[in-house]
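Take a look at the structure below.
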Amino acid sequence: MLIWLFLAMNFIISEAVKGIKQLYNEDVAEGLLNIQDTRKEFEGQVTIVVFPIVRFSKKSPEQTGNDLGAYLLENVKEVTAFNVVKGFLNLSIDHEYWLNLFNTKLLSPHYGTFPSNGRKVMVEYSSPNTNKPLHLGHVRNNLLGYSVAELLKASGSEVFKVNLVNDRGIHICKSMLAWQNWGNGETPASSGLKGDHLVGKYYVIFDKEYKKEIDALKADGQTEEEAKKNAPLIKAAQAMLLAWETGDTAVIDLWKMMNGWVYDGFEVTYKNLGVDFDKYYYESNTYLLGKDSVEEGLAKGVFFKKPDGSVWIDLTEDGLDQKLVLRADGTSVYITQDLGTAQMKYDDFNMDESIYVVGNEQDYHFKVLFLILDKLGKSWAKGLYHLSYGMVDLPSGKMKSREGTVVDADDLIAEMVATAKEKTEALGKVDHFSEEEKSTLYYNIGMGALKYFLLKVEPKKRLLFDPSESIDFQGNTGPFIQYTHARIKSLLTKAGHTVGIQGFDRHFALTETELDMIILLDKFPAEITAAAAAFSPATLANYVYEVAKLFNKFYHEVPPIIKEEDAQLQHYRLNLSWVTAHVIKSGMRILGIEVPERM
RNA sequence: GCAUCCAUAGCUCAGCUGGAUAGAGCAACGGUUUUCUAAACCGUAGGUCAUAGGUUCGAAUCCUAUUGGGUGUACCA
């Protein structure tokens, strides 16, 4: 929050430190000084909180504020006035300072970009199962992962986006078995169904038939638990999994074919979501990994073996439990393969940091995983981070695939685009657009609304989505920000404006809103840094909204810029608009949202 | 039970490494278009920041307890 002030207002702090030395003969650390934006109702732009200084001045807060204010007014040329309200010293900074800042810093075409920081970061996200299509929960994951990756790139890191696909296991076999039994050779081509939806259909059929068998067995007197174990279908699925593991050709071929359908389907959804990956990992290749890590842990005495042969780690001293890392029969569990996969990813990329974008139901798992890697002495373990995000809830509660209460990703995307079309047509501004331009626009607006809706919320918070209410297009929304951008571009086009650094031969009296804009726009790089450090696109999303909102206020307050007769004033205001558009566009790009030139 | 996350306006959310009178959007009500795009702008109304203590000059923010909710606590992934 205050970071930008330490950048832009650094000189005020050091001057204040000098002032305290001179006034009270005390050497204080710069960190002691607390400065913030001046609240709207007071005069000034920068405020120093004087309470922390009072113990050095041994005077009242008011008196201290006045002393320091007088010193700064006297010794710092940018300070033009001050006032003290309670313990707050409000400073007015010369408009010339802000205008120079605007000219030299904000008008740079590279504004908001960072040079390489030399760090390599991996972001793992999406990580779908190949037995059913993606739903809204996956959408949040994908948009979040993509955006965090872009955020880290923007802040200067080299980023690898990876997708660890869960393409094997009993759940995959269920779809395969159901298709074998009841599919009659149905294919995406024969049915017109998208591949992932087709496979998902058979996953549901399996579940339905499985339940029938369970009910039948229960009717024969078995308990629920017995029935679940003894149902022929589940036994067949288990047998199929074994066959898969031994490389049975028929099963492998079926698996390849059906997974292929799913990948084709995912490809479409990913494309629509605008997400991409530098590398795919497949669990079918990694599920046997991790046994080396287990050996390593045993050798180092980090793990121990129980009499039955199973391997464990005792984490009770760290406030956690004992955790199994290898079954008694020598086979892997989930965490075994994650240990191995983590090592493999590090060997592949040598990254400094690795971000796992995974829902908060796996908080415990990652806590354990990272702790184990640390205990194994992996130097890179401290660079691991679980970006945990909250579930997407419906008004009825949690989404459940089995109960059919899921919001399907493809349906949602289609609905958003359709809604965008409807709303845009109702406004009647795009009738002269080409069909191609229209459909691109509808897509961008619909996805803009969806992406902004999901990304503006802090990742760790749960998110409520009500399918009966369409996502807003007004107010704090993606389309509002997109509209603001289009409006600015239209203005610049009409004015024939080309941005240029303008040497002012005089200074304008900035309006209050213009001053606010420069101050707000000046925070952009710090916002990127802060959002990247927090792995939170949400803070950036809210910042971009503030920028758009403030521009609209400015746009209404100021007389038509196109008709402005004072050429320098006009040029300056067009530049101000240009920077605003630049910040909006760059910020939205990080969120994965395209902003139209006109709409 | 234990662990962990969450609780701010009718609704959806900001604000949280302590700072001034807690902010937006939606919904409600009223106003703004012979002026550069009204998906906009301006205004009114709406709050015991879950509750109770504590630390502090100062707490929505930090600590403790309580209440309510989510998630986890498999030789599933």
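Below, read A as the first sequence line, B as the second, and so on, with proteins coming before strands; counting in each chain starts at 1.
Contact between the side-chain N/O atoms of A/K86 and the OP1/OP2 oxygens of B/rU21 is found at a separation under 4.0 Å. Between A/R487 and B/rA38, a side-chain N or O to OP1/OP2 separation shorter than 4.0 Å is present. Look at A/R462 and you won't find any side-chain N or O under 4.0 angstrom from OP1 or OP2 of B/rC6. Contact check, A/K461 against B/rC5: no side-chain N or O comes under 4.0 Å of OP1 or OP2. Side-chain N/O atoms of A/S490 include one lying less than 4.0 angstrom from OP1 or OP2 on B/rU37.
As judged by a 4.0 angstrom heavy-atom cut-off over every strand, A/P395 is placed among residues making no nucleic acid contact. At the heavy-atom level, A/Y364 lies under 4.0 Å from the strands shown only through sugar-phosphate atoms. Residue contacts shown for A/E458 are limited to sugar-phosphate atoms, with no base heavy atom under 4.0 Å away. Contacts of A/A538 with the nucleic acid, taken as non-hydrogen atoms under 4.0 Å apart, are absent.
Atom pair A/M391:CE and B/rU4:P shows a separation of 19 Å (rounding to whole Å applied).
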Test log, rule ring pair (Phe, Tyr, Trp, His ring centres under 6.0 Å), inputs A/Y356 and A/F370: CA-CA 11 Å; A/Y356 293 78; A/F370 297 165; 5.6 Å; yes
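Here the separation of B/rU55 from B/rA9, taken at their C1' atoms, is 29 Å to the nearest Å. For the C1' atoms, the distance from B/rA50 to B/rG70 is 16 Å, rounded to whole Å.
The backbone N or O of A/L371 sits nowhere less than 3.5 Å from a side-chain atom of A/D318 that would complete a donor-acceptor pair.
The pair A/E26-A/R55 does not meet the salt-bridge criterion, since no charged nitrogen lies less than 4.0 angstrom from a carboxylate oxygen.
If you check distances only, the side chain of A/D329 never reaches the base of B/rC75 with a donor-acceptor pair under 3.5 Å. Judged by distance alone, with hydrogens and angles left aside, A/D37 brings no side-chain donor or acceptor close enough to the base of B/rA20 to form a pair under 3.5 Å.
Each of A/S310 and A/N90 was assigned the nucleotide of RNA chain B with the nearest heavy atom; the assignment lying further toward the 5' end belongs to A/N90.
Between A/Y543 and A/F524, the angle of the ring planes stays under 30°, which puts this pair in the parallel group of the 30/60° scheme.
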